[in-house]
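Worksheet: the structure to be examined is printed underneath.
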Amino acid sequence: MAKLPPSSVSTTVDFEADGIQHGFLKLPYSHDGSAWGAIMTPITVIKNGEGQTALLTGGNHGDEYEGITSLLKLSHTLTPADIKGRVIIVPMMNHPAVEAGSRVSPIDNGNMNRAFPGHPYGSMTERMADYFTRHLVPLCDTALDIHSGGKTLDILPFAAAHRLVDKTQEERCIEGARLFGAPYCFYMEEMDPTQLYDTTVEAQGKVFVTTELRGGGTTNPETIEMADRGIHNFLVFSGILQKDHIEPPSTPTFLEIPNAQCYLQSEHNGILELCVTLGDDIKEGDLIARVYSTERSGQAPIEYRSQTHGILAARRHLAKISLGDTFAVLAKPID
């Protein structure tokens, strides 16, 4: 395989220096408003001697705010005296998307979590993904990427890991997910893991945990508290934060999304009527949703029934639905 050229991303921080540094990942971007401009992605590095490194990220999608909020908070409250080792904080991976309040970047329509491993000569989003792949991920021992449902989904709050070939790595990942302390702990089967950040981190042998913390394009005190506590616990789990683990209000319930059959997708355009609620127990054949045509009145809705059993783990937040939209995701309890 041909060697890739150097990244076009540079940084204003020194990853080897002790103390606290607040700076930027700088990606040159020439556009009408600035011929010699740059995309400036904020980054904080906190280091105290030798030890493990945790890479903490939010804003992989720009309309998911728990991670963004809690990591911005952490960037000005965590001190070197609190830790042993290094914490790298990137609160807004896809900074243009965050600024636009959208899932994807307005610059290139780039979905950061579908752009990995990236390329140094690709789109702006692919170039940033390449920098993570070749420069940031190799620095870390553990990685936490905080997601929620954004504007289009509402999801049971969970931390998750994936089934991996390396079972020792898998066990460490699911332990990190459990200790995060969300109400639910998931084994995830992604619809298409090929270009995910998750897959890139796991392929480098790192401990990786991801989350979904409700959604709707907003936050509430409960989800922010969950994110704050989860980040704290993840850093304790990583052997970096020199403080006690914070016990969550309840023991996590373990669920699994084992296959693509658990994702229910619309084959029609129209108005969605969800007939079940997050957390409901679903049996095979149960009515999940109806879709009403907007073309004319007097038509019976299309009914969607479950092809399997499980718990409703995620639902479409928006009532307007289009062909191909996922409107429900089922998860199965595991011991």
Side-chain angles (χ1 to χ4, degrees), residues 52-61 64 66-71 74 78 83 85-91 93 112-113 116 132-133 136-149 155-190 193 196-215 223-241 243 245-248 250-257 313-314 331 334:
Q52 299 286 293
T53 293
L55 176 57
L56 309 178
T57 52
N60 196 322
H61 297 125
E64 301 174 3
E66 282 79 6
I68 297 168
T69 304
S70 289
L71 291 177
L74 185 74
L78 190 66
I83 68 170
R86 179 172 53 184
V87 180
I88 301 171
I89 306 170
V90 185
M93 290 178 73
M112 179 69 76
N113 213 29
F116 283 86
F132 270 85
T133 299
L136 288 184
V137 174
L139 292 176
C140 81
D141 300 286
T142 61
L144 172 66
D145 189 34
I146 303 174
H147 288 259
S148 55
I155 305 174
L156 288 179
F158 68 78
H162 302 97
R163 300 289 187 184
L164 302 173
V165 174
D166 185 334
K167 293 304 174 184
T168 300
Q169 181 188 9
E170 178 185 304
E171 289 173 5
R172 283 282 290 159
C173 293
I174 199 65
E175 181 68 358
R178 181 184 71 82
L179 291 173
F180 182 89
Y184 294 87
C185 186
F186 272 50
Y187 274 110
M188 287 282 290
E189 176 67 28
E190 305 284 356
L196 294 181
Y197 177 53
D198 316 33
T199 304
T200 289
V201 179
E202 291 162 349
Q204 294 189 32
K206 313 296 185 175
V207 173
F208 180 80
V209 173
T210 188
T211 77
E212 297 288 353
L213 304 178
R214 295 301 303 255
T223 57
I224 293 298
E225 180 184 4
M226 199 180 304
D228 290 346
R229 181 180 64 243
I231 292 167
H232 174 105
N233 287 344
F234 186 79
L235 291 177
V236 173
F237 159 77
S238 300
I240 296 170
L241 184 61
K243 295 185 178 182
H245 179 270
I246 301 173
E247 290 297 327
S250 60
T251 302
T253 299
F254 279 78
L255 300 172
E256 181 168 18
I257 301 175
I334 58 176

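Keep in mind the model is a prediction, meaning the values are calculated, not measured. Basis for what follows: all heavy atoms, side chains included, without hydrogens, waters or symmetry-related copies. Sequential numbering from 1 along the given sequence is applied to the chain's residues.
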Show, in sequence, the C-alpha distance, side-chain angles and deciding distance for Tyr197 and Phe116, and conclude whether the ring pair (Phe, Tyr, Trp, His ring centres under 6.0 Å) test is met. CA-CA 6 Å; Tyr197 177 53; Phe116 283 86; 5.1 Å; yes

Return yes if a side-chain donor-acceptor contact under 3.5 Å exists between His147 and Glu212, otherwise no. no

Do you see a donor-acceptor pair shorter than 3.5 Å between the side chains of Asp145 and Thr57?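 Yes - a donor-acceptor pair under 3.5 Å links their side chains.
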
Taking Leu56 as the fixed residue, which of Leu235, Leu78, Thr142 is the one that meets the side-chain contact (heavy atoms from CB on, under 4.5 Å) rule? Leu235

Can you tell me how the ring of Phe158 sits relative to the ring of Phe186, calling it parallel under 30°, perpendicular over 60° and tilted otherwise?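 If you compare the ring of Phe158 with that of Phe186, the planes turn out parallel.
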
May I ask you to decide if the ring planes of His162 and Phe208 are parallel, tilted or perpendicular, using 30° and 60° as cut-offs?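 Rings of His162 and Phe208: parallel, under 30°.
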
Which heavy atom in [X] sits nearest to a heavy atom in [Y], and how many Å separate them?
| X | Y | value |
| --- | --- | --- |
| Leu179 | His245 | O-NE2, 3.2 Å |
| Arg178 | Pro252 | O-CG, 3.8 Å |
| Ile257 | Ala331 | CG1-CB, 4.0 Å |
| Gly85 | Ile83 | O-CD1, 3.6 Å |
| Cys173 | Leu164 | SG-CD1, 4.1 Å |
| Met226 | Pro183 | SD-CD, 3.6 Å |

Sub-3.5 Å donor-acceptor pair from the side chain of Asn60 to the main-chain atoms of Met93, do we have one? no

Backbone N/O of Thr199 and side chain of Gln204: donor-acceptor pair under 3.5 Å: no

Point-to-point distance, once rounded to the nearest 0.5 Å, from [atom1] of [X] to [atom2] of [Y]:
| X | Y | atom1 | atom2 | result |
| --- | --- | --- | --- | --- |
| Met112 | His61 | CE | NE2 | 9.5 Å |
| Arg172 | Asp141 | CZ | CG | 9.5 Å |
| Leu139 | Ile88 | CG | CD1 | 5.0 Å |
| Leu255 | Leu156 | CG | CG | 7.5 Å |
| Asp198 | Asn113 | CG | CG | 5.5 Å |
| Leu71 | Ile89 | CG | CD1 | 6.5 Å |

Under the side chain to side chain contact (heavy atoms under 4.5 Å, CB included) rule, what do Val207 and Glu175 come out as? Steps first, then yes or no, please. CA-CA 10 Å; Val207 173; Glu175 181 68 358; over 6 Å; no

Lys167/Glu170 ion pair, N-O < 4.0 Å: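 Answer for the salt bridge query: yes.
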
Under the side chain to side chain contact (heavy atoms under 4.5 Å, CB included) criterion, do Val137 and Lys206 qualify, and how do the steps go? CA-CA 8 Å; Val137 174; Lys206 313 296 185 175; 4.1 Å; yes

Who passes side-chain contact (heavy atoms from CB on, under 4.5 Å) against Ile224, sequence neighbours left out? Glu66, Thr69, Ser70, Lys73, Thr219, Asp228

Side-chain touch Ile231/Asn233, heavy atoms, less than 4.5 angstrom: no

So Phe132 and Thr200, side chain to side chain contact (heavy atoms under 4.5 Å, CB included) or not? Walk me through it. CA-CA 9 Å; Phe132 270 85; Thr200 289; over 6 Å; no

Given side chain to side chain contact (heavy atoms under 4.5 Å, CB included), test Thr53 with Leu55 step by step and report yes or no. CA-CA 7 Å; Thr53 293; Leu55 176 57; 5.7 Å; no

